[in-house]
Amino acid sequence: MTTIGTTDPELTVSPGGVKERFRRYFPAAAFLSGFVWDALTLGRSITTLDLVILFGYYVAAAVILIFIGRSVRFRFSAYMNYALQFLFGGIFSALVIFYFLSSSALPGFAVVAVLVAVLVANEFLEKRYSQLTLSWTLFAVCGIMLFNFALPHLFRSIHPLWFYVSTFAALAFVAAVRIAGRQDSDRMWPSLAVAGVLLVLHFFNAIPPVPLVKKQMMIAHGVERAGTSYVVTVERRPPLERWRLSGAKHHYSGGRVYCFTSIFAPKNLDTVLRHRWEKADPRSGVWQTMSTVSFPVAGGREGGYRGYSWKQNVSPGEWRVRAELESGATISVMRFEVVRGKPGRLRQLRL
């Protein structure tokens with residue numbers, strides 16, 4: 001024990017006191033640095049380099065788990081839990097960004113909320129990473145959700161089969177890393193349980209349809225092609241109406257009602273998108289499908305793939321258009337109210 005110019009016990013400092021004082025901030029620093037680094041290196045339009053970075057995180061986490069399982073000791077081995085926390089924080093922050101941008105309905109946002117909860121909890125889990133049951137479970141979730149994003153991106157396909165491939169590939173990787181780390185097989189069941197829950201959520205289309213991201217969706221009075229752009233004619237909405245939860249009012253005096261949609265899709269991705277036009281029953285409030293229109297999607301444009309559909313003879317009432325995949329997974333929903341009458345001021349958007 002040493003003192004600094006006084007015998008006041010409050011100023012007494014042990015040789016390891018300063019180190020221990022700052023050690024308590026390491027988990028928060030690892031958490032924040034992982035999130036900040038991820039925010040700086042990832043963008044809305046995901047590139048192959050972004051995926052390489054994330055898989056670098058994932059492989060590094062696998063190596064650390066093997067070292068922890070084998071009780072490997074080296075100069076910086078005391079910081080392996082902090083490194084694991086940083087890597088999990090980076091992966092989960094990316095997953096929050098990816099899945100939030102692809103969410104449009106309550107089930108999708110619920111999945112994102114769980115990812116946010118794990119991201120926040122990651123700050124407080126450093127000491128528990130040595131309890132490998134928790135580490136393997138987090139590792140399995142990272143793998144399933146990351147593979148689910150990466151495989152459709154890399155193979156230019158959004159077939160529902162990819163989620164099942166992602167799940168089994170991630171579990172196989174977890175099992176391989178566990179064997180390399182000489183871990184007992186009786187701790188694998190939490191990872192299997194989480195995988196089962198995710199499979200059920202995917203079956204009910206609760207998993208957001210990554211890597212598709214909605215950029216714009218609007219109800220219009222007209223849509224025309226102008227060279228490489230579209231000219232979309234929409235009503236000017238009063239400021240207060242922009243905050244209505246039920247959507248905008250669309251004044252209708254005959255003709256067509258258009259729905260214009262722009263989404264981000266990875267380069268060379270080919271799939272089919274459809275607009276499902278639905279109207280709420282005025283008595284029961286149940287949404288009834290009035291028509292569906294399908295059109296192909298070819299990705300790669302930075303501003304988003306653009307497409308539209310229209311409907312004639314639209315009756316007054318509450319309407320919505322669901323932009324969805326053929327599997328039924330919803331990309332975005334546009335809700336609006338049709339009222340009889342001529343529209344007010346119009347404006348044209350070049351998109």
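Just so you know, these numbers come straight off a predicted model, no measurement behind them.
Atom-to-atom distance recorded for Phe86:CZ and Ile64:CD1 is 10.5 Å, nearest 0.5 angstrom. From Ser253, atom OG reaches atom NZ of Lys342 across 7.0 Å, with rounding to the nearest 0.5 Å. The distance from atom CD of Gln288 to atom CG of Asp281, rounded to the nearest 0.5 Å, is 5.0 Å. Atom CE of Met80 and atom CZ of Phe67 lie 7.5 Å apart (nearest 0.5 Å). Atom CD1 of Ile144 and atom CZ of Phe139 lie 11.0 Å apart (nearest 0.5 Å). Taking CZ from Arg178 and CD1 from Ile66, the interatomic distance works out to 12.0 Å, rounded to the nearest 0.5 Å.
No side-chain N or O of Arg274 forms a donor-acceptor pair with one of Thr292 less than 3.5 Å apart. Using modelled atom types and a 3.5 Å distance limit, the side chains of Tyr230 and Arg225 yield a donor-acceptor pair. One side chain, His221 or Glu235, offers a donor N or O that lies under 3.5 Å from an acceptor on the other.
You'll find the side chain of Leu349 stays beyond 4.5 Å of the side chain of Val231, heavy atoms only. Looking at heavy atoms from C-beta onward, Glu326 lies out of side-chain contact with Leu273 at the 4.5 angstrom threshold. No side-chain heavy atom of Val333 sits less than 4.5 Å from a side-chain heavy atom of Val321. Looking at Thr330 and Ser332, their side chains never come closer than 4.5 Å, going by heavy atoms from C-beta outward. Counting heavy atoms from C-beta outward, Thr261 and Arg306 have side chains that stay 4.5 Å or more apart. Proximity of Tyr252 to Arg340: side-chain heavy atoms (C-beta onward) are separated by under 4.5 Å at one or more points. A heavy-atom distance below 4.5 Å is found between the side chains of Thr167 and Leu199. Between Met217 and Ser262, the closest side-chain pair of non-hydrogen atoms is not below 4.5 Å.
Following chains of ILVMFWY side-chain contacts shorter than 4.5 Å, one can reach Leu151 starting from Phe203, so the two form part of one hydrophobic cluster. Linking ILVMFWY residues whenever their side-chain heavy atoms come closer than 4.5 Å, directly or via other members, leaves Trp287 and Met334 in distinct clusters. Val286 and Phe336 fall into different hydrophobic clusters, defined by Ile, Leu, Val, Met, Phe, Trp and Tyr side-chain heavy atoms under 4.5 Å apart, directly or through other members. Residue Phe163 is grouped with residue Val165 when hydrophobic side chains (ILVMFWY) are merged at heavy-atom distances under 4.5 angstrom, including chains of intermediate members. By the rule that hydrophobic residues join a cluster once side-chain heavy atoms approach within less than 4.5 Å of another member, Val63 and Phe55 end up as members of one cluster.
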Review point. For Glu278 and Met290, what are the C-alpha separation, side-chain angles and deciding distance, and is it a side chain to side chain contact (heavy atoms under 4.5 Å, CB included)?
Key: CA-CA 5 Å; Glu278 299 177 321; Met290 309 305 291; 5.7 Å; no
Yes or no on side chain to side chain contact (heavy atoms under 4.5 Å, CB included) for Leu198 and His202, after CA distance, side-chain angles and deciding distance? CA-CA 6 Å; Leu198 292 176; His202 181 264; over 6 Å; no
(Q) Set out, in order, the CA-CA distance, both residues' side-chain angles and the distance that settles side chain to side chain contact (heavy atoms under 4.5 Å, CB included) for Val257 and His250, then state yes or no. (A) CA-CA 9 Å; Val257 177; His250 182 88; 3.8 Å; yes
I'd like to know whether Val234 forms a side chain to side chain contact (heavy atoms under 4.5 Å, CB included) with Leu346, so could you lay out the CA-CA distance, the side-chain angles of the two residues, the decisive distance to 0.1 Å, and finally the verdict. CA-CA 6 Å; Val234 298; Leu346 301 176; over 6 Å; no
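With respect to the salt-bridge test (charged N to carboxylate O, under 4.0 angstrom), the residues Lys279 and Glu318 do not qualify.
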Side-chain donor/acceptor pairs under 3.5 Å, residues 307-314, sequence neighbours excluded:
from	atom 1	to	atom 2	distance (Å)
Ser309	OG	His275	ND1	2.6
Ser309	OG	Trp277	NE1	3.1

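Note: Phe147 and Tyr58 have perpendicular aromatic rings, judged against thresholds of 30 and 60 degrees for the angle between ring planes.
No more than 12 heavy atoms of other residues, nucleotides or ligands sit less than 6.0 Å from atom CZ of Phe155.
Under the side chain to side chain contact (heavy atoms under 4.5 Å, CB included) rule, Cys142 has a single partner from Thr137, Ile91, Val174, which is Ile91.
Nearest approach of Ala170 to Gly143, heavy atoms of both residues: CB-C, 3.5 Å. Summarising the geometry of Ile219 relative to Cys259, their closest heavy-atom pair is CD1-CB, 4.0 Å, with the distance given to 0.1 Å. Of all heavy-atom pairs between Thr233 and Ala220, the closest is O-CB, 3.2 Å.
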